[in-house]
Amino acid sequence: MESILEAVAFVFYLILVLAVGITFFLKSRKSQGGDKDYFLGGRNMNGWVAALSAGASDMSAWVLMGLPGSIYLYGMGQVWISVGLLIGTVCAWIFVAPRLRRFSIKAQDSITIPQYLTNRFLSKSPVLQIVCAVIFLVAYCVYAASSIVACGDLFNTVFSIDKSYAMIGATVIILLYTFLGGFNAVCWTDFFQGLLMLAALMVVPIVAVFAMKAGDFVPMDVVETGENYYNFLSGGSLNWTSVADILSGLGWGLGYFGMPHILIRYMSIKNEREMKRSRKVGILWTALILTMASVVGLTAHQYLGIACADSKSLVFITMVRNIFPALLAGILLSAILAASMSTADSQLLASSSAFASDVYKPVFRKNASNKEMLWAGRIVVAVISGVALAIAMSPSCAGIMALVECAWAAFGAAFGPTILLSLYWKRFTYKGAIAGIVVGFGVDALWYAFMKSTGLYEIIPGFLCSLIAAVVVTLIDRKPSAEVEALFEESKKITE
């Protein structure tokens with residue numbers, strides 16, 4: 001009976017998600033919207049929807065499974081990830097979002113990040129767009145795989161469904177409503193999913209604390225707390241282990257400057273007034289989510305003991321099912337599904353838009369119609385979904401947190417410095433942008449492959465090398481034209 005009630009909650013949630021996708025599909029057919037509507041919502045997003053969509057597409061299932069699990073098992077030294085992400089999101093909303101939105105409009109109304117970077121230099125060369133699109137396709141396959149793995153773990157744990165079948169089902173659902181509704185469907189489902197994620201993370205640890213205060217409470221297993229568990233220095237003192245954990249945690253914040261599926265949310269916001277509202281909502285939502293995810297991990301340590309020591313990513317699921325009645329547990333666990341799907345759909349859309357707008361049209365079909373562009377993007381959504389599913393189902397798949405770490409670092413190192421320089425440095429050149437992106441991605445990959453044992457997150461050396469390469473190549477290159485410099489100055493003006 002309990003599993004039936006949990007299933008009812010999940011089915012209701014999935015029906016709601018598909019209904020949103022179908023609604024926007026029908027609306028798009030009536031309005032005959034083009035690629036700008038499908039890939040950027042016509043730049044008509046209000047502040048609340050854009051903020052929660054940016055947050056939900058950022059905070060995938062790792063914030064409900066990976067992060068609480070790491071804190072549950074390893075202690076307060078893992079909280080630096082939350083600190084780094086909060087600093088990063090605040091800086092992105094303040095220093096990147098307003099300028100990027102204005103500049104992308106001035107730069108020939110660009111609808112993707114590669115398009116913006118090319119148009120920002122008034123370049124006719126497709127090289128930068130192609131380089132960006134290739135990195136998108138590679139990194140998003142890995143990133144989307146993490147969401148599919150999370151869905152598999154969820155359905156396998158709750159309903160004892162074979163994990164492979166669960167991952168296939170989740171992929172089909174994500175594919176359907178992304179395919180149908182485009183950016184509007186993705187943003188509106190992200191909005192509701194963001195609210196559900198926040199509600200679940202707020203409710204679960206609070207109820208767990210009250211349950212532990214009851215006189216008859218007994219932990220599910222023996223509680224084993226290491227001597228440094230509550231120490232922000234995971235190594236117990238200021239040694240390399242502690243320094244690497246702190247730097248790596250703070251380094252997560254660098255990812256926000258180069259995360260395409262988050263950056264295009266900034267570009268989609270309707271006007272300057274909505275941007276200010278979106279900034280406040282986005283920062284507050286992220287602060288609450290990260291704080292409560294950390295609290296879930298610490299609470300689970302006392303509530304579960306070592307019951308999940310061998311399966312740390314399941315601490316949230318285990319607590320919810322142990323504390324709440326079946327139907328309510330199903331609703332709260334839908335937050336994991338929401339987190340997985342809200343990130344995967346955003347990634348699929350960002351990668352498909354990059355291919356359709358930045359490779360297919362400029363390289364293969366210069367005269368492609370809007371309808372043809374939409375179908376090219378949808379085909380790429382299907383292909384990437386298939387590749388991500390294959391990665392998720394691979395026996396060598398490293399798990400949710402490892403997949404997210406890998407993709408997050410790749411994007412942050414490759415695009416972060418280039419985005420910042422493009423917004424704040426008039427002298428920045430097209431060749432400098434290409435150098436920064438290629439070097440950042442390359443150093444990140446090499447550090448991950450050969451220097452992982454240092455304990456330092458690869459986004460840090462990747463980001464620094466990308467920044468150095470972009471600056472050096474720009475200074476060697478000739479100055480931008482007067483038209484490019486004029487465009488830069490024009491982008492700083494607030495016209496709304």
Side-chain angles (χ1 to χ4, degrees), residues 80-81 84-85 87-89 91-92 95-96 100 113-114 116-118 120-121 123 125 127-143 240-241 243-263 354 402-478 480:
W80 290 107
I81 297 175
L85 288 170
I87 294 172
T89 197
C91 290
F95 299 112
V96 174
L100 179 60
I113 294 301
Y116 154 71
L117 289 173
T118 299
R120 182 250 186 263
F121 302 105
S123 174
S125 170
V127 173
L128 191 150
Q129 288 174 281
I130 294 172
V131 168
C132 291
V134 170
I135 294 174
F136 277 26
L137 294 175
V138 172
Y140 274 136
C141 284
V142 177
Y143 211 148
W240 173 247
T241 300
V243 171
D245 280 347
I246 293 171
L247 290 177
S248 297
L250 296 177
W252 275 79
L254 298 174
Y256 282 102
F257 304 124
M259 211 58 54
H261 58 283
I262 298 174
L263 295 175
L403 290 169
V404 172
E405 281 182 1
C406 185
W408 186 269
F411 280 126
F415 297 107
T418 295
I419 291 293
L420 289 172
L421 290 173
S422 75
L423 296 174
Y424 285 94
W425 192 21
K426 187 196 297 188
R427 173 73 172 79
F428 195 35
T429 67
Y430 183 80
K431 291 179 181 178
I434 294 176
I437 292 169
V438 172
V439 170
F441 185 75
V443 170
D444 176 85
L446 290 171
W447 191 277
Y448 177 82
F450 301 109
M451 301 294 288
K452 193 73 173 176
S453 59
T454 62
L456 186 66
Y457 190 19
E458 61 267 22
I459 195 173
I460 297 174
F463 192 97
L464 290 175
C465 289
S466 174
L467 180 62
I468 292 169
V471 171
V472 169
V473 172
T474 292
L475 293 176
I476 294 173
D477 195 13
R478 62 183 181 182

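None of the values given here were measured: they were computed from a predicted structure.
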Point to revise | Close side-chain approach of V127 to Y430, heavy-atom, < 4.5 Å | key: yes
Practice item. Using modelled atom types only, decide if a donor and an acceptor are shared between the side chain of S248 and the backbone of G455 within a distance under 3.5 Å. Key: yes
Review point. Okay, side chain of S466, backbone of G462: is any donor-acceptor separation there less than 3.5 Å?
Key: no
Review point. Is Y116 reaching over with its side chain to a backbone N or O of L100, donor-acceptor style, under 3.5 angstrom?
Key: no
Practice item. Please report the C-alpha distance between L420 and F95 in whole Å, then the side-chain angles of each, then the deciding distance to 0.1 Å, and finally whether the side-chain contact (heavy atoms from CB on, under 4.5 Å) criterion is met. Key: CA-CA 9 Å; L420 289 172; F95 299 112; 5.6 Å; no
Point to revise | Heavy-atom pair with the smallest gap, counting every atom of A414 and T418 | key: O-OG1, 4.0 Å
Review point. Any donor and acceptor pair, going by atom type alone, linking the side chain of Y448 with main-chain N or O of A409 inside 3.5 Å?
Key: no
Practice item. Would you please indicate if the ring centroids of F415 and F136 are separated by under 6.0 Å? Key: yes
Exercise for review: Classify the angle between the aromatic ring planes of F411 and Y140 as parallel (below 30°), tilted (30 to 60°) or perpendicular (above 60°).
Suggested key: tilted
Practice item. I would like to know whether Y143 and L403 meet side-chain contact (heavy atoms from CB on, under 4.5 Å); could you show each step before the answer? Key: CA-CA 6 Å; Y143 211 148; L403 290 169; over 6 Å; no
Point to revise | Flag side-chain contact, heavy atom, 4.5 Å: I419 against I113 | key: yes
Check your understanding: Should F441 and V131 be marked as a side-chain contact (heavy atoms from CB on, under 4.5 Å) after you check the CA-CA gap, both sets of side-chain angles, and the distance that decides it?
Key -> CA-CA 11 Å; F441 185 75; V131 168; over 6 Å; no
Practice item. Just say parallel, tilted or perpendicular for the rings of F428 and F121, cut-offs at 30° and 60°. Key: perpendicular
**Study point:** Minimum heavy-atom distance T429-R478, with the two atoms named
**Key:** CG2-O, 3.6 Å
Point to revise | Separation between NZ of K431 and OG of S125, rounded to the nearest 0.5 Å | key: 10.0 Å
Exercise for review: Could you tell me the separation between the CZ atom of F463 and the CD1 atom of I468, rounded to the nearest 0.5 Å?
Suggested key: 11.0 Å
Point to revise | Heavy-atom donor-acceptor pair, W252 side chain to I459 backbone, under 3.5 Å | key: no
Exercise for review: Could you tell me whether a side-chain N or O of Y457 sits under 3.5 Å from a main-chain N or O of E405, the two making a donor and an acceptor?
Suggested key: yes
Exercise for review: Using modelled atom types only, decide if a donor and an acceptor are shared between the side chain of T474 and the backbone of A470 within a distance under 3.5 Å.
Suggested key: yes
Practice item. Working to the nearest 0.5 Å, report the span between CD1 of I130 and CD1 of I135. Key: 12.5 Å
Review point. What's the shortest heavy-atom distance between R120 and L421, and which atoms?
Key: NH2-O, 4.3 Å
Point to revise | Residue of the set L247, L250, D444 for which side-chain contact (heavy atoms from CB on, under 4.5 Å) holds with I460 | key: L247
Practice item. Kindly determine whether V471 and W425 satisfy side-chain contact (heavy atoms from CB on, under 4.5 Å), including the steps that lead there. Key: CA-CA 10 Å; V471 171; W425 192 21; 4.2 Å; yes
Revision key, fill the gap. Minimal heavy-atom distance between A407 and A139, with the atoms involved, is CB-O, 3.7 Å
Check your understanding: At their closest point, which heavy atom of P260 faces which heavy atom of G258, and how far apart are they?
Key -> CD-O, 3.0 Å
Exercise for review: Evaluate the side-chain proximity of M451 to E458: yes if any heavy-atom separation is below 4.5 Å, no if none is.
Suggested key: no
Exercise for review: Mind listing the closest non-hydrogen atom pair of P480 and K426 along with its distance?
Suggested key: CG-O, 3.7 Å
**Study point:** Distance, nearest 0.5 Å, that separates SG of C91 from CG of L254
**Key:** 9.5 Å
Review point. So, does W447 use its side chain to make a donor-acceptor pair with the main chain of L456 at under 3.5 Å?
Key: yes
